[in-house]
Number of protein chains: 4
Amino acid sequence: MPKLGMEPIRRKALIDATIGEVGRVGSLDVTVGQIAKRAGMSSGLAHHYFGGKDQIFLAAMRHILSQFGAQVRRELAGATTPFERLQAIVAASFHADNFAPEVISAWLTFYVQAQTSSGARRLLRIYAARLHSNLVYNLRPLTGRAEHVAHGTAAIIDGYYLRHALQDNLPDRAQSKALVMEYLEMQLAQKAAP
Amino acid sequence: MPKLGMEPIRRKALIDATIGEVGRVGSLDVTVGQIAKRAGMSSGLAHHYFGGKDQIFLAAMRHILSQFGAQVRRELAGATTPFERLQAIVAASFHADNFAPEVISAWLTFYVQAQTSSGARRLLRIYAARLHSNLVYNLRPLTGRAEHVAHGTAAIIDGYYLRHALQDNLPDRAQSKALVMEYLEMQLAQKAAP
Amino acid sequence: MPKLGMEPIRRKALIDATIGEVGRVGSLDVTVGQIAKRAGMSSGLAHHYFGGKDQIFLAAMRHILSQFGAQVRRELAGATTPFERLQAIVAASFHADNFAPEVISAWLTFYVQAQTSSGARRLLRIYAARLHSNLVYNLRPLTGRAEHVAHGTAAIIDGYYLRHALQDNLPDRAQSKALVMEYLEMQLAQKAAP
Amino acid sequence: MPKLGMEPIRRKALIDATIGEVGRVGSLDVTVGQIAKRAGMSSGLAHHYFGGKDQIFLAAMRHILSQFGAQVRRELAGATTPFERLQAIVAASFHADNFAPEVISAWLTFYVQAQTSSGARRLLRIYAARLHSNLVYNLRPLTGRAEHVAHGTAAIIDGYYLRHALQDNLPDRAQSKALVMEYLEMQLAQKAAP
DNA sequence: AATGAATGAGGATTCATTCAT
DNA sequence: GATGAATGAATCCTCATTCAT
């Protein structure tokens, strides 16, 4: 039952299925067959649209990162002051969507993949660079150590995210966000110091 | 030419080889054959000693974690005050041994494996719990929010570690350590605050 | 935008594309998709016109053989004596068109296919029979051993052709032709002998 | 049932099976599975010993060519004069072993493969060069046109071989050999001529 | 007439694991 | 204790062919 203009629909379905399967099994040990099946098509078609397993994974990663980017933009929409914008960035990082188990799994496995695949590494770099410049831009009016604080903030965000991915009895999402904000506020309070 | 008492030597060789290979390729996509070859023996022997691939990986992970534990103990040896002990714990986390590329790779991949393998998850929990209780024990004399600060410290340590694993132009090891200490000091300075 | 009367045009395009692709890759490992693409149409249409891959190949082979037949007829046109006609036949065999790299490749692969496909074998037989009878017909006035000499001539033609297909530093086309003619002349000189 | 020192036995079995299968189906469209099955082992083992399909084919080709070389040496053993040695070379080319249907098939398919695979091409070159120098060496005492006659002889040998591979009602092996010798003799008779 | 969506069988290759020696 | 021979399942990928539109 071939239809016309299926390409975007199929690609979307495959990306969703990839994230779903990676999340389900918790690793990249997912076969193209499994993904295609979950997406409701044959494995051949998956190859037809993406060319290969790696590219399917990359597309899924790209999707996750662009989702995150959209999240950030949405949160930023309502913010006006630099500090509100920093809050918005942190809020986006701890938005519920990023903590769906399959999304956590996907992030984590993509982190690992980044060590091997140059494509994955590139994507991750872009994400990191964007986050960094976003933070620096909004920290600059508030502190003379914008770069320094941005690094720390990014690290603590990643750290909490990682712990959420791996541990159980942890502060919840809201608390983690509060802990990051606490860090930010401590750093900004330093401003007045020496 | 089978020898007697080879078991510990063989096991050690296999564990080292596992870490080496995992680090080299940057993922768990390492075959028993590769590991055995690097360890200078046949793949059959690797199975003989460990029973299977998963157990080889677990043994390697256990080794890394115990290395880290030893590191912490060594650093703690010279410390007397609680704050010195906190410093020692952080110092151990950023010790050069943990930043050998293959060790970083191994940690990261084991993190991911923890999502799949209950054995790996258990090990990671033990490490996290030990770090946590170490931190809490030494924070308690210094702050009323020991649990809180311990969580934050652990997160920021992990966060920096992760960033070292994935990015290039980053503050170096010493700087990262300083950034964690800065966090600790800020938190302890809060103590006096309301 | 389907057009009327496209059939012959499409078929021609597919046949040319087949010869082109077979020549390019140097084997029958050519996909219908590649052929169709080179012919500027979808793979579905290729099937529509020919029914299947084998038939596309057969059509291409038939084309090559008929090209060769036309070549022979053209050369024969100007010839009047039996010997001139023999010369014409040899000349056709070594005509530049047959030595285009893709044509050589195609011939060779079709030879191989003849072992498997009865259709291909049939075509090859027809070609061989026609060449043979052409030679015999013109040898008869010149020698009592027409059959014998025809076999030898055909063999030496094929032999040179094969060597052109596979080797590099060889006598060129013109020289090869001369060598065949030399053979013919030696044979005809024998006529007078005992 | 693993045994020791199986390697040469397995390799031999695989080479024989390869020639057998290629001969049976008349093309290189033979799967590693088929070959391995005919050789009485799993497909995995075939890869273990040869590394890949291409190398299996190359090994088979190398075997055929070395068989042919041995044939030539055997025939040459009893020959003393240059002419006898020429006879021996031709005899080897038309030896029954080379005309086993699967050997013919294998030769032909390897000819085609030579267009694609550099390894195959190299082997074929070596064979051709050796035949050529053998012929030239023995022609030199008998004619001033040794190179010339060697080329013609090689071509006519190949031509007859090719025709045997593809046609049915043909002079038989012995007759083909006689036809080649006839060519040689005619050429050598020229010697005296102008 | 023409497209390209879709399938699914088939094939090369890899690898953990077992086991005779 | 040690080897490496052997298996076979699993996986990615390709492609001829079909068919709705």
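Values below: every heavy atom of this structure, side chains too, minus hydrogens, waters and symmetry copies. Proteins get letters first, then strands, A, B, ... in listed order; numbering begins at 1 in each.
Atom CZ in C/Phe57 sits roughly 15 Å away from atom C1' in F/dT17 (whole-Å rounding). Residue C/Ile9 contributes atom CD1, which lies 15 Å from atom C1' of E/dA2 at whole-angstrom precision. We find that CE of D/Met6 is positioned 12 Å from C1' of F/dG4, with the value rounded to whole Å. D/Arg11 places its CZ atom 16 Å from the P atom of F/dG4, with the value rounded to the nearest Å. The interatomic distance linking C/Lys53 (NZ) with F/dT18 (P) rounds to 14 Å, in whole Å.
Listed in residue order, the members of residues 45-52 of chain D having a heavy atom less than 4.0 Å from DNA chain E are D/His47, D/Gly52. The stretch residues 34-43 of chain C touches DNA chain E through C/Met41, C/Ser42, each having a heavy atom within less than 4.0 Å of the strand. Near DNA chain F, meaning a heavy atom under 4.0 Å away, the residues from residues 17-30 of chain A are A/Val30.
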Would you write out the dot-bracket form of DNA chain F, 5' to 3', with Watson-Crick and G-U pairs under 3.5 Å, [ ] for crossing pairs, | for pairs to other strands and . for unpaired bases? .||||||||||||||||||||

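For the residue pair D/Ala13 and D/Met41, the shortest heavy atom distance occurs at CB-CE, 4.3 Å. The minimum heavy-atom distance linking C/Ala60 with C/Ile15 is given by the pair CA-CG2, 3.9 Å. In terms of heavy atoms, C/Ala39 sits closest to C/Leu14 at CB-CD2, 3.8 Å. C/Ala17 approaches C/Ile35 most closely through the heavy-atom pair CB-O, 3.5 Å. Minimum heavy-atom separation, D/Leu58 to D/Ala120: CD2-N, 3.5 Å.
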Considering only distance and modelled atom types, tabulate donor-acceptor pairs under 3.5 Å from the side chains of residues 106-113 of chain D, sequence neighbours left out.
from, atom 1, to, atom 2, distance (Å)
D/Thr109, OG1, D/Ser105, O, 3.0
D/Thr109, OG1, D/Ala106, O, 2.9

Review item, side-chain donor-acceptor pairs of residues 46-55 of chain D, under 3.5 Å, at least two apart:
from, atom 1, to, atom 2, distance (Å)
D/His47, ND1, D/Ser43, O, 3.3
D/Lys53, NZ, D/Val30, O, 2.9

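For D/Lys37, there are no salt bridge (Lys or Arg N to Asp or Glu O under 4.0 Å) partners at least two apart in sequence or on another chain. Applying the salt bridge (Lys or Arg N to Asp or Glu O under 4.0 Å) criterion to B/Arg11, with sequence neighbours excluded, gives B/Glu7. Judged as a salt bridge (Lys or Arg N to Asp or Glu O under 4.0 Å), and not counting sequence neighbours, A/Asp29 has no contacts. Partners of A/Arg62 according to the side-chain hydrogen bond (donor to acceptor under 3.5 Å, both in side chains) rule, which considers only residues two or more places apart in sequence or in another chain, do not exist here. Listed by chain and residue number, B/Glu21 satisfy the salt bridge (Lys or Arg N to Asp or Glu O under 4.0 Å) test with B/Arg24 (two or more places apart in sequence, or in another chain).
Evaluation of the salt bridge (Lys or Arg N to Asp or Glu O under 4.0 Å) test over residues 107-120 of chain A, restricted to residues two or more places apart or in two chains, returns none.
Toward the 5′ end of DNA chain E lies the nearest nucleotide of C/Arg10, the other residue of the pair D/Val32 and C/Arg10 mapping further downstream.
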